[in-house]
Chemist: 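Supplied in structure tokens, the structure appears directly below.
Here the structure is a predicted model, which means the values were calculated and not measured. FYI, side chains are in, hydrogens and waters are out, and symmetry mates aren't considered; it's all heavy atoms of this structure.
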Amino acid sequence: MDKTISIGFTKKPHGLKGEIKLHIEEKYLEDMLNTDIVLLDIKGKKTPFFVEDVRVGNNIIAKFEDINTPEGATSAVHDVMQLENGDAD
């Protein structure tokens with residue numbers, strides 16, 4: 001049984017600090033705003049990333065720990081985002 005739930009996906013880099021635009025399903029937006037860790041499905045492997053910041057405006061923009069450049073952000077685009085089942089309502 002899968003213990004994660006898909007909440008959206010990464011879209012494209014934003015700015016110069018390694019931020020990434022996100023698409024989050026509306027019903028999981030509050031969960032995303034309150035979580036400390038997301039899992040990105042990178043090349044078929046669920047890789048955890050600590051969430052440093054999430055901003056919601058015209059776009060949802062996130063900053064993940066250890067992604068600090070546009071090039072680093074590029075490596076994490078178009079990946080499925082997941083939360084542990086206990087972290088999503």
Side-chain angles (χ1 to χ4, degrees):
M1 183 174 172
D2 197 6
K3 297 180 182 175
T4 62
I5 187 161
S6 178
I7 64 165
F9 57 89
T10 56
K11 292 169 67 175
K12 65 181 189 173
H14 176 81
L16 301 173
K17 298 180 183 176
E19 295 175 313
I20 302 173
K21 289 183 180 182
L22 308 176
H23 170 79
I24 304 294
E25 292 184 41
E26 189 173 330
K27 65 182 178 180
Y28 297 120
L29 181 57
E30 192 69 29
D31 297 316
M32 179 63 197
L33 294 173
N34 293 315
T35 193
D36 293 325
I37 298 174
V38 296
L39 301 169
L40 297 183
D41 192 354
I42 299 175
K43 297 181 182 176
K45 182 178 180 194
K46 293 175 186 165
T47 306
F49 284 89
F50 286 97
V51 179
E52 289 184 5
D53 185 48
V54 178
R55 298 190 319 268
V56 179
N58 291 337
N59 293 291
I60 303 168
I61 299 171
K63 172 69 176 80
F64 299 119
E65 187 174 282
D66 297 329
I67 298 179
N68 298 309
T69 64
E71 295 78 19
T74 298
S75 68
V77 299
H78 305 296
D79 292 326
V80 173
M81 294 182 57
Q82 300 175 344
L83 293 178
E84 295 287 332
N85 259 341
D87 292 340
D89 292 329

Chemist: Can you tell me how far the CG atom of Leu40 sits from the CD1 atom of Ile67, to the nearest 0.5 Å?
Modeler: 7.0 Å
Chemist: Is the shortest heavy-atom distance from the side chain of Asn59 to the side chain of His14 under 4.5 Å?
Modeler: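 When only atoms from C-beta onward are counted, His14 and Asn59 do not touch, as no gap falls below 4.5 Å.
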Chemist: Considering only heavy atoms from C-beta outward, does the side chain of Val38 approach that of Leu83 to under 4.5 Å?
Modeler: yes
Chemist: Taking Lys46 as the fixed residue, which of Thr4, Asp79, Asp41 is the one that meets the side-chain hydrogen bond (donor to acceptor under 3.5 Å, both in side chains) rule?
Modeler: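 The passing option is Thr4.
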Chemist: Can you check whether Met32 reaches Leu22 side chain to side chain, under 4.5 Å on heavy atoms?
Modeler: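 When only atoms from C-beta onward are counted, Leu22 and Met32 do touch, with a gap below 4.5 Å.
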Chemist: Residues in side-chain hydrogen bond (donor to acceptor under 3.5 Å, both in side chains) with Lys63, at least two apart?
Modeler: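 Applying side-chain hydrogen bond (donor to acceptor under 3.5 Å, both in side chains) to Lys63 gives Asn68.
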Chemist: Side-chain donor-acceptor contacts of residues 70-77 below 3.5 Å, not counting sequence neighbours, with atom names and distances?
Modeler:
{"from": "Thr74", "atom 1": "OG1", "to": "Pro70", "atom 2": "O", "distance (Å)": "2.9"}
{"from": "Ser75", "atom 1": "OG", "to": "Gly72", "atom 2": "O", "distance (Å)": "2.6"}

Chemist: Between CD1 of Ile20 and NZ of Lys11, what distance do you get to the nearest 0.5 Å?
Modeler: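 If I round to the nearest 0.5 Å, the distance is 12.5 Å.
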Chemist: Determine the minimum heavy-atom distance between Tyr28 and Ile5, stating which atoms define it.
Modeler: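 Looking at all heavy atoms of both residues, the closest pair is OH-CD1, 2.9 Å.
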Chemist: Rounded at 0.5 Å granularity, tell me how far NZ in Lys12 sits from CD1 in Ile61.
Modeler: 10.0 Å
Chemist: Can you list, pair by pair, the side-chain donor-acceptor contacts under 3.5 Å of residues 47-56, counting residues two or more places apart and other chains?
Modeler:
{"from": "Thr47", "atom 1": "OG1", "to": "Lys45", "atom 2": "O", "distance (Å)": "3.3"}
{"from": "Arg55", "atom 1": "NH1", "to": "Glu19", "atom 2": "OE2", "distance (Å)": "2.5"}

Chemist: Can you name the side-chain hydrogen bond (donor to acceptor under 3.5 Å, both in side chains) partners of Asn34, sequence neighbours left out?
Modeler: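 Expected list: Glu30.
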Chemist: Working to the nearest 0.5 Å, report the span between OG1 of Thr10 and CD1 of Ile42.
Modeler: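 If I round to the nearest 0.5 Å, the distance is 8.0 Å.
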Chemist: To the nearest 0.5 Å, tell me how far Thr35 OG1 sits from Met81 CE.
Modeler: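 That separation rounds to 9.0 Å.
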Chemist: Going only through I, L, V, M, F, W and Y residues with side-chain contacts under 4.5 Å, is there a path from Ile60 to Leu39?
Modeler: no
Chemist: Measure the CD-CD1 distance between Glu65 and Ile37 for me, rounded to the nearest 0.5 Å.
Modeler: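 Going from the CD atom of Glu65 to the CD1 atom of Ile37 covers 9.5 Å.
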